[in-house]
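These values consider heavy atoms only, across backbone and side chains, with no hydrogens, waters or symmetry-generated copies. Just so we're on the same page: letters track the sequence lines, and every chain starts at 1.
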Number of protein chains: 2
Amino acid sequence: MDYQSYVPMLKAMADPNRLKIIDLLSCGTLCACDILTHFEFSQPTLSHHMKVLQQAGIVTAQKVGKWQHYTLKPEFVTAFLQDTKQLLANDADCICHDGGCSNCQDQAPRKDVITK
Amino acid sequence: MDYQSYVPMLKAMADPNRLKIIDLLSCGTLCACDILTHFEFSQPTLSHHMKVLQQAGIVTAQKVGKWQHYTLKPEFVTAFLQDTKQLLANDADCICHDGGCSNCQDQAPRKDVITK
DNA sequence: TAGACATATAGATAAATGTCTATCTGTTAG
DNA sequence: CTAACAGATAGACATTTATCTATATGTCTA
C-alpha cells in the first residue's frame, strides 16, 4: 500500500488535541478562535496544530477578514478510510504475498474481519 | 468519542516501520525473525516496535518454542475501523453539538462523505 | 551439558515534538 | 490614523521516541 500520504495523516492524528480538533471539524467549518475555546493550551499552540493538520492534508484554511476558517478536507476523509481498509484487509495487494511465517504450524491466512 | 484507546492505536501506527509490520501481519501470523527480514533495523529495535504494538492493543504475542508468534488482534481491526468511522462521520454523537463557527456566514454543517 | 539460536532488556544518544512567552503581521472599527 | 483583535512566527525548553550496542534470558540440539 501507499504509506506516503497515510503515515503523515496518522502522525497528525496521533495527538489527542489534534484528534479533538478533527472531531470538532467533522461537523463543519470553524474559525481558530472557536476551536481554541475547547482547549486549555495557548493560541500559538493551536496555530502550530492547525499547521500540522494542514501539512498532513487533513484540513484546509481560508482567510475571511480577520478570521481563519478551517475545514476538514473531504479528500482526507475518503482517502483515510480507504487506506485504513486496505491496510487492515487481507487482500490481494498485501505486501506479504511471498508467504507466511516460516515457523508456524498453522499456515492458514488471517480471517478477514472487514465487511466491505 | 472515546479517545482512550484510539489515540494509542494511532500513535503506534504513526511510524512507517510499525505500519509496515501491521501490513505484514494483516495476512496472518508471523514470527519475529520473519518480520525482521523485511527491515534494515536491528533486532532490539524490532523488539521495541513489537512491544509498542502490543501495548497499543494492536498485536498479540504467543511464544512457541524459541519463537514469538505475532498476530494482529481482530478486536483492533474492528475497533479501529469503527472509531475511525465515528470520528469522521458527522453524526449525532459529535462533540460539537453546541453549534458551528461564530463567524461563518455559511452555517451549513459539513456534508457527510462516509458511506456506511 | 555446551553452544547456537531467538528474543528481550538496559542504557545511551540524537532527533522529533508539544508547549510556552514574546513578538510580528494583517484586518477592522472608531 | 490608531487601537483592538485574530492569527502566525521565532526561539527556547522539556519530554518523548527511534535507534543503536552490549548483554541477559530462554530454548533447542548435538
Side-chain angles (χ1 to χ4, degrees), chain A residues 3-4 6-25 29-71 100-105, chain B residues 3 6-25 29-56 58-71 100-105:
Chain A
Y3 302 135
Q4 300 291 352
Y6 192 50
V7 168
M9 289 176 189
L10 286 168
K11 270 191 202 294
M13 295 169 75
D15 175 90
N17 289 322
R18 283 196 295 264
L19 193 63
K20 189 172 167 184
I21 293 171
I22 294 173
D23 204 358
L24 288 166
L25 292 178
T29 297
L30 289 174
C31 73
C33 52
D34 280 335
I35 298 174
L36 193 55
T37 62
H38 291 85
F39 297 94
E40 300 300 316
F41 53 61
S42 65
Q43 176 269 317
T45 297
L46 176 65
S47 193
H48 160 72
H49 285 313
M50 298 317 298
K51 196 173 185 179
V52 172
L53 288 171
Q54 286 177 80
Q55 287 174 340
I58 293 178
V59 155
T60 47
Q62 190 194 0
K63 188 151 190 177
V64 180
K66 293 192 286 188
W67 298 283
Q68 274 287 16
H69 289 190
Y70 292 107
T71 308
C101 174
S102 56
N103 303 300
C104 298
Q105 315 91 312
Chain B
Y3 303 134
Y6 193 50
V7 168
M9 290 177 189
L10 287 167
K11 271 191 200 295
M13 296 169 73
D15 174 271
N17 288 322
R18 282 197 295 263
L19 193 63
K20 189 173 167 185
I21 292 170
I22 294 172
D23 204 358
L24 287 166
L25 292 177
T29 297
L30 288 174
C31 74
C33 53
D34 279 337
I35 297 173
L36 193 55
T37 61
H38 291 83
F39 298 94
E40 300 300 316
F41 53 61
S42 67
Q43 176 270 318
T45 297
L46 175 65
S47 193
H48 161 72
H49 285 313
M50 297 317 298
K51 196 172 185 178
V52 171
L53 288 171
Q54 286 177 79
Q55 287 174 341
I58 294 178
V59 155
T60 47
Q62 189 194 0
K63 188 152 190 177
V64 180
K66 293 191 288 189
W67 299 282
Q68 277 285 17
H69 288 191
Y70 292 107
T71 309
C101 175
S102 55
N103 303 300
C104 298
Q105 315 91 312

- Item | Distance-only donor-acceptor check, side chains A/Thr29 and A/Thr71, under 3.5 Å | yes
- With a 4.5 Å limit on heavy-atom distance, are the side chains of B/Ile21 and B/Met50 in contact? yes
- Nearest whole angstrom, please: distance from the P of C/dA15 to the CG of B/Asp15. 17 Å
- Query: Where along residues 43-51 of chain B does a heavy atom fall under 4.0 Å from DNA chain C?
  - Reply: B/Gln43, B/Pro44, B/Ser47, B/Lys51
- Item | Least distance between heavy atoms, A/Gln54 atom then A/Ala61 atom | OE1-CB, 3.4 Å
- Starting at CZ of A/Phe39 and ending at C1' of C/dT19, how long is that distance when rounded to a whole Å? 14 Å
- For the pair made of CE in B/Met13 and C1' in D/dT17, what is the distance, rounded to whole Å? 18 Å
- Report yes if some heavy atom in the side chain of B/Ile35 is under 4.5 Å from a heavy atom in the side chain of B/His49; otherwise report no. no
- Message: Can you tell me which nucleotide in D/dT21, D/dC28, C/dG18 comes closest to the side chain of B/Lys66?
- Response: D/dC28
- How about B/Thr45 and B/Phe39: do any of their side-chain heavy atoms sit closer than 4.5 Å? no
- What is the distance, rounded to the nearest whole Å, between atom CD of A/Glu40 and atom C1' of C/dG18? 16 Å
- Item | Nearest-Å distance for atom pair NZ/C1', residues B/Lys63 and C/dC5 | 11 Å
- Query: Which one, D/dT19, C/dT7, C/dT19, comes nearest to the side chain of B/Ala32?
  - Reply: C/dT7
- Query: Could you state the CG-C1' distance from A/Leu36 to D/dA6, rounded to the nearest angstrom?
  - Reply: 11 Å
- What nucleotide, of C/dG18, D/dA8, C/dT7, holds the atom closest to the side chain of B/Cys31? C/dT7
- B/Phe41 CZ - D/dT17 P separation (whole Å): 17 Å
- Task: Please determine, for D/dC1, whether a Watson-Crick or G-U wobble partner exists with both distances under 3.5 Å, and give it or none.
- Result: C/dG30
- Note on the structure: B/Gln68 CD to D/dG26 P, in whole Å, measures 13 Å
- Task: Considering non-hydrogen atoms only, spot the tightest contact between B/Ala12 and B/Val52 and give its length.
- Result: CB-CG1, 4.0 Å
- Heavy-atom check, side chain of A/Gln43 versus side chain of A/Leu46, under 4.5 Å: no
